[in-house]
Amino acid sequence: MPNSVASQTLFLYSTTVSDVGTVRSNNQDSAFAGEHLIAICDGMGGHAGGDTASTIAIRSLAHIEHDDVNGDVSTVARMMETSVMAAHDAIVGKAKRERKLAGMGTTMTAVALVAGYWVLAHIGDSRAYLLRDGRLTRMTQDHSYVQHLIDTGRISPAEARNHPQRNVVMRVLGDFDIDPHPDIAIRAAHPTDRWMLCSDGLCGVLEDSTIEQTLTAYSDQEECAQQLVSMALKAGSTDNVTAVIADATLALDADAFDLPHQTPLVAGAASASLEPIADILNEPVATAPMLRDANASPAQRAAALIQSQPASQPSPRVAQPSAVREENGERANPDTGEIPVIQKRDGHVTDDPNDPDVAKAIHHERQTQRKETRKRGRRNRLIAILIVIAALALATGGAFGAYRWSQTKYFIGNADGVVAVYQGVNTNVFGLALSHEVKRTNIDIDSLPQAWRDQLQDGITFNSYDEAIQHVQVIRQEKSNFNDNSNTSKSSGDAGNGTSDSSDSSDSSDSSGSNGTDGDSSAGSSQTDGGTADGTAGDTGTDASSTGTDGGDAQ
C-alpha cells in the first residue's frame, strides 16, 4: 500500500444537486461535495428518522475533508472505516434515546482523494460510478436483496429493475441487527477521472448507458448534476434524487499561490444545519445549488448559466465556523448530540473519532449514557415490580372476596354414600375446594329415588344453614314415606296368599263332613277327631268352626 504523496498532485472539484422529488414530503438524502471528500447518504426510517440518520453520517465523515491532506492512504482508509462505524454507533445511540427514531438508518458511499489515490467506502444501495477515458465503471456493489438474487443467478439485471423487493437493503448503517462494516477499496487516481455518486432515486430509474452518455456530454459539473437529477424525475422516480459530480484535476504547479479552491457544499437533509459541519471543518460551508426548473427552455437555462444566480433560485446559505460566528456576535451553535465536536487548544475543531480528545469525549458520553440506561432500567424494574405487586394484591383481594362470599352458601350433597350438609359452593379453583362438610346424616343415598340421587350428586344449594337442615328433614320424611309405601304394597301381597289357604282348609273340612255322614261309627269317631281339629282351626276362622260343628252333628 502506498505511503507517500504521489509524484503528480491532483485536486478535486465537486458539486452536488439534491431534490425531494414529486412524491416524498421531505428529503432524506444528504450529500457532501468538497475538495478532498465527496459523499452521498440515503436515509430511511420515516419522516424524522431518515433525514436524521443521513445527517449524522455526513457529519461523521466531514472531518476527512481536511484530515486527509498529505495523509497516508492506509491510515485514511482506516479512518474512513472508523468514521463509518462511529456514525453507526451514533445512529443507534440516538434511536435508543429517542424511541420515535427507532428503526432509522442510512446508506453511505464516500470517496476521498488521498495522495494520488481514491479511497472508497460503501455500504447500502447508493452507488459510485467512475468515468475514465470515456468508459463508465460501476465501482460499488449494492447490498440489496435483488443484487443477491442477481449474484445467485435467480433473476437478471433487467428483472431486478421492476422486482417488488428492489428497495430491500440488506446492509446499512443504523438501528438494525446487521453488519455495519463498510466495503473499503483503494484505487490509483488519474487526471480527468470523473466520479458520480447517487442515491437509488437516480440509478434506480436511469440505465447505466444513459448515465455514461450524460457524464460524457456535459463537462460542467453543475449542469451535469442538474441534467441527471432532472432526467431521473422525468423517468418517474418516486424517491428523493441526489447526484454528486467530482472531477480530478492536475495542477501543473503545486506550489502556485492561486491553487484550486472551492467552498464545501452540503445538500439534502444535512444542509438544514450547516454550523456543526463548519465547526468540524473549521472553514465556511455552503448549501448546494437547488434543482432548476425542469420545464425551462434551453434559452432560459443558458441565460441562467450566464448569470451568477438565477432570479428564481434562492441564494446559497453560507455558515461560518464558531470562531467567526463569535467574532460576529452570532450565537454559537450547540453540540449536535451525536458525535462530540471538540475544540482543540489551538482552536481547531474536530469530530474525528481517531482524535484522542474526541475518543475521550465519546467514552465519557457513553459512560453517561450507560449510567442513564442503568438508572432508567432500575426505574423500569421498580415500576414493573410495583405493577406486579398491585396485580397480585388485586387478584388476592378478589380471590379472598370470592371465598368469603362462597362461605355464606350451603348445599346438600353426597358424603361417602350418605346425605351431608356442606358450607360453601360445590366447586374448586386450581384444585382448592371452596366447601367443607359441617353435618353428616344417616340417610343412605342408595335408599332414595333416582331423581333425588341426581340432585344430591350436583348439590342442592341454599342461602343458609337452617334452610339446608330443613331440606334434610324433608328428604328424611320423603324417604320414610317412600319406605312405608313400599311396605304397604308388600303386606297386601301377603294377605292375598292367606285367604287362599283358608279356602283350601274349608274345602278339606267339607270333604270330611261328607265322609262322616256316609260312614260308620268308627268313621264317625274319626270325624269327631276331625271336628276337634276344625274346632281348633275355628279359633282362627269362623267358617272352619262351623264346619267342625256340622261334623259333630252328623256323627
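Only a predicted model underlies this, so the values are computations on that prediction, with no experimental measurement involved.
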>> Using a 3.5 Å distance criterion without hydrogens, assess whether the side chain of T107 forms a donor-acceptor pair with backbone atoms of D42.
In response: yes
> Can you tell if the side chain of I412 reaches within under 4.5 Å of the side chain of V472, non-hydrogen atoms only?
Replying inline: yes
> Should we count CZ of R404 as having more than 12 external heavy atoms under 6.0 Å?
Replying inline: no
> Just by modelled atom types, is the C198 backbone N or O under 3.5 Å from a matching donor or acceptor in the T242 side chain?
Replying inline: no
> What closest approach, in Å, do T109 and A128 show between heavy atoms, and which atom pair accounts for it?
Replying inline: CG2-CB, 3.7 Å
>> For the CG atom of L202 and the CG atom of D19, what is their distance to the nearest 0.5 Å?
In response: 11.5 Å
> Is there a side-chain contact between L120 and I184 (heavy atoms, below 4.5 Å)?
Replying inline: no
>> Does R138, at its CZ atom, have more than 12 non-hydrogen atoms belonging to other residues, nucleotides or ligands within less than 6.0 Å?
In response: yes
> Quick one: CD1 on I123 to SG on C41, what's the gap to the nearest 0.5 Å?
Replying inline: 11.0 Å
> Heavy-atom distance under 4.5 Å between the side chains of H436 and Q407, does that happen here?
Replying inline: yes
>> Ignoring hydrogens, what is the shortest heavy-atom contact between R317 and S271? Give both atom names and the distance.
In response: NH2-O, 3.7 Å
> Looking only at heavy atoms, which two atoms of L173 and A87 are closest? And how far apart?
Replying inline: CD1-CB, 4.3 Å
> Is a salt bridge present between E467 and K409, judged by a nitrogen-to-oxygen distance below 4.0 Å?
Replying inline: no
> Below 4.5 Å, heavy atoms only, C-beta onward: do F32 and L37 meet side chain to side chain?
Replying inline: yes
>> How close do G201 and V241 get, counting heavy atoms only, and between which atoms?
In response: O-CG2, 3.8 Å
>> Within the structure provided, determine whether D183 and R171 are in side-chain contact (heavy-atom separation under 4.5 Å).
In response: yes
> If we ignore angles and hydrogens, is there a donor and acceptor under 3.5 Å between the side chains of S30 and S54?
Replying inline: yes
>> Counting C-beta onward and ignoring hydrogens, is there a side-chain heavy-atom pair between K94 and M104 closer than 4.5 Å?
In response: yes
> Name the one of T140, D200, D142 that satisfies side-chain hydrogen bond (donor to acceptor under 3.5 Å, both in side chains) with R127?
Replying inline: D142
> Heavy-atom distance under 4.5 Å between the side chains of T441 and R476, does that happen here?
Replying inline: yes
> Per the side-chain hydrogen bond (donor to acceptor under 3.5 Å, both in side chains) rule, which among R78, H63, R59 passes with S83?
Replying inline: H63
> Is there a donor-acceptor pair under 3.5 Å between the side chain of S60 and the backbone N or O of V84?
Replying inline: no
> Got a second to check how far L392's CG is from I385's CD1, nearest 0.5 Å?
Replying inline: 11.5 Å
> So, for T16 and A243, which heavy atoms are closest and what is the spacing to 0.1 Å?
Replying inline: OG1-O, 3.0 Å
>> Against H471, only a single residue in F462, Y410, Y465 fulfils ring-ring contact (aromatic ring centres under 6.0 Å, His included); can you say which?
In response: F462
> Just one of D29, T287, N27, N240 clears the side-chain hydrogen bond (donor to acceptor under 3.5 Å, both in side chains) bar with S18, so which one?
Replying inline: N27
> So T238 and R24, side-chain contact (heavy atoms from CB on, under 4.5 Å) or not? Walk me through it.
Replying inline: CA-CA 7 Å; T238 58; R24 299 298 180 91; over 6 Å; no
> Mind checking whether H88 and H181 have ring centres under 6.0 Å apart?
Replying inline: no
>> Could you go through V419 and N414, starting from their C-alpha distance and side-chain angles, then the distance that decides it, and tell me whether this counts as side-chain contact (heavy atoms from CB on, under 4.5 Å)?
In response: CA-CA 5 Å; V419 176; N414 185 348; over 6 Å; no
>> Working to the nearest 0.5 angstrom, can you tell me the gap between L61 CG and I56 CD1?
In response: 12.0 Å
>> With rounding to the nearest 0.5 angstrom, report the CD to CD1 distance, Q455 to I475.
In response: 8.0 Å
> When you look at D125 and Q147, which way does the side-chain contact (heavy atoms from CB on, under 4.5 Å) test go after all the steps?
Replying inline: CA-CA 9 Å; D125 62 350; Q147 186 63 48; over 6 Å; no
>> Nearest 0.5 angstrom please: N380 CG to K375 NZ, how far?
In response: 13.0 Å
> Would you call N26 and Q28 a side-chain contact if the rule is heavy atoms closer than 4.5 Å?
Replying inline: yes
>> Please find the pair of heavy atoms, one from I445 and one from G413, that lie closest to each other, and give the distance.
In response: CD1-O, 4.5 Å
> Given V421 and E437, is the side-chain contact (heavy atoms from CB on, under 4.5 Å) satisfied, shown in steps?
Replying inline: CA-CA 6 Å; V421 178; E437 183 182 329; over 6 Å; no
